[in-house]
Amino acid sequence: MPRVRLEKQLRFMVELDKLKRIVRHTRLTDHSRLENDAEHSWHMAVYASWMAEYATEKMDVLRAVKMCLIHDVVEIDAGDAYAYDAAANVGKAERERKAAERIFHLLPEDQYLEIRSLWEDFEEMKSPEARFAAALDRLQSVLNNYHAGGVIWKEHGIKESQIQSRIGPVRSITPALWEYLQEIVTDGVRRGWIAPG
């Protein structure tokens, strides 16, 4: 293998370390702190590895895992936009496209094309793998927020309708996980963690 290829790959790997600094609006389940993008991506990859039996479409699990691992890499440059913050999401797509171009281009061309394709597929939810990974993205944050006592939901005054809108795509992708999410949301409303309406 040419040395220049190795150096490009390693430069990309070092760049990924910055994901550990991108803080999300989701607490760890022990309430101790907010999680970072690297932890979130790893957690999603674990979900994809062992929860694939709940997907309604046949898929390539490794491809879904790769999507989980790279879906938030663009946030190194673009930052994390809280899903329920409309103002923070203005211009998000353009910021993330620019970030994808810079960060993914650290890799050799063949790997750039692969990772860019995976990321675009995830964003557009085109393939079964992308739809499943996107469902897991929604599932993971709801589960973490629920098991952390709904602290973030309460801080931001999140309504049930906002969560239902966010998790809506899960229903057709993985009905069993969607039904479980319904129980969690109902209980979150009952406990006063999620505002009704």
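What you see is a predicted model, and the numbers here were worked out from it, not measured in a lab. Quick note: residue numbers are just sequence positions, from 1.
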When you measure from the side chain of [X] to the backbone of [Y], do you find a donor-acceptor pair of N or O atoms at a distance under 3.5 Å?
{"X": "Ser49", "Y": "Ala45", "answer": "yes"}
{"X": "Gln162", "Y": "Lys159", "answer": "yes"}
{"X": "Ser165", "Y": "Ser161", "answer": "no"}
{"X": "Thr56", "Y": "Thr174", "answer": "no"}
{"X": "Arg95", "Y": "Val90", "answer": "yes"}
{"X": "Arg131", "Y": "Met125", "answer": "yes"}
{"X": "Thr186", "Y": "Gln182", "answer": "yes"}

Same cluster or not: [X] versus [Y], using hydrophobic residues (I, L, V, M, F, W, Y) connected whenever any side-chain heavy atoms lie under 4.5 Å apart?
{"X": "Phe12", "Y": "Leu10", "answer": "no"}
{"X": "Ile70", "Y": "Leu113", "answer": "yes"}
{"X": "Met13", "Y": "Val73", "answer": "yes"}

For the student: nearest non-hydrogen atoms of [X] and [Y], plus distance:
{"X": "Leu107", "Y": "Gln111", "result": "CD2-OE1, 3.7 Å"}
{"X": "Asp137", "Y": "Phe122", "result": "OD2-CZ, 4.1 Å"}
{"X": "Val185", "Y": "Glu160", "result": "CG1-CG, 3.7 Å"}
{"X": "Phe132", "Y": "Met51", "result": "CZ-O, 3.4 Å"}
{"X": "Arg27", "Y": "Ala148", "result": "CB-CB, 3.8 Å"}
{"X": "Cys68", "Y": "Ala133", "result": "SG-CB, 3.9 Å"}

Between [atom1] on residue [X] and [atom2] on residue [Y], distance to nearest 0.5 Å:
{"X": "Glu75", "Y": "Ile103", "atom1": "CD", "atom2": "CD1", "result": "10.0 Å"}
{"X": "Lys8", "Y": "Arg3", "atom1": "NZ", "atom2": "CZ", "result": "14.5 Å"}
{"X": "Asn145", "Y": "Glu35", "atom1": "CG", "atom2": "CD", "result": "8.5 Å"}
{"X": "Asp37", "Y": "Ile76", "atom1": "CG", "atom2": "CD1", "result": "8.5 Å"}
{"X": "Leu177", "Y": "Arg171", "atom1": "CG", "atom2": "CZ", "result": "14.0 Å"}
{"X": "Ile115", "Y": "Lys66", "atom1": "CD1", "atom2": "NZ", "result": "9.5 Å"}

Side chains of [Y] and [X]: any donor to acceptor distance under 3.5 Å?
{"X": "Asn89", "Y": "Tyr82", "value": "no"}
{"X": "His156", "Y": "Asp85", "value": "no"}
{"X": "Glu101", "Y": "Tyr112", "value": "yes"}
{"X": "Arg63", "Y": "Ser127", "value": "yes"}

- Worked verdict on Arg5 versus Glu109 for salt bridge (Lys or Arg N to Asp or Glu O under 4.0 Å): CA-CA 9 Å; Arg5 180 178 177 83; Glu109 187 67 15; over 6 Å; no
Does a salt bridge link [X] with [Y], judged by any charged N lying under 4.0 Å from a carboxylate O?
{"X": "Arg102", "Y": "Asp77", "answer": "yes"}
{"X": "Arg24", "Y": "Asp72", "answer": "yes"}
{"X": "Glu129", "Y": "Lys58", "answer": "no"}
{"X": "Arg116", "Y": "Glu120", "answer": "yes"}

- List the steps, then state whether side chain to side chain contact (heavy atoms under 4.5 Å, CB included) holds for Trp178 with Ile173. CA-CA 9 Å; Trp178 184 81; Ile173 298 161; over 6 Å; no
- Message: I'd like to know whether NZ of Lys126 has more than 12 heavy-atom contacts from other residues, nucleotides or ligands below 6.0 angstrom.
- Response: yes
- Task: Might you confirm whether atom CZ of Arg166 has over 12 heavy atoms from other residues, nucleotides or ligands at distances under 6.0 Å?
- Result: yes
Compare all side-chain heavy atoms of [X] with those of [Y] and state whether any distance is below 4.5 angstrom.
{"X": "Val142", "Y": "Arg138", "answer": "no"}
{"X": "Phe104", "Y": "Val74", "answer": "yes"}
{"X": "Ile22", "Y": "Asn36", "answer": "no"}
{"X": "Lys154", "Y": "Arg191", "answer": "no"}
{"X": "Trp193", "Y": "Ile158", "answer": "no"}
{"X": "Glu155", "Y": "Val151", "answer": "yes"}
{"X": "Ile163", "Y": "Ile194", "answer": "yes"}
{"X": "Thr26", "Y": "Leu34", "answer": "no"}

- Task: Could you give me the CA-CA distance, side-chain angles and deciding distance for Val170 and Leu139, then say whether side chain to side chain contact (heavy atoms under 4.5 Å, CB included) is met?
- Result: CA-CA 8 Å; Val170 176; Leu139 172 71; 5.6 Å; no
- Message: Asn144 vs Gln140, test: side chain to side chain contact (heavy atoms under 4.5 Å, CB included). Steps then yes/no.
- Response: CA-CA 6 Å; Asn144 270 40; Gln140 190 268 350; 3.5 Å; yes
- Joining Ile, Leu, Val, Met, Phe, Trp and Tyr whenever any side-chain heavy atoms lie under 4.5 Å apart, the cluster holding Trp50 also takes in Trp42, Val46
- Task: For residues His147 and His31, establish whether the separation of their ring centroids is below 6.0 Å.
- Result: no
- Task: Would you please indicate if the ring centroids of Tyr84 and Trp153 are separated by under 6.0 Å?
- Result: no
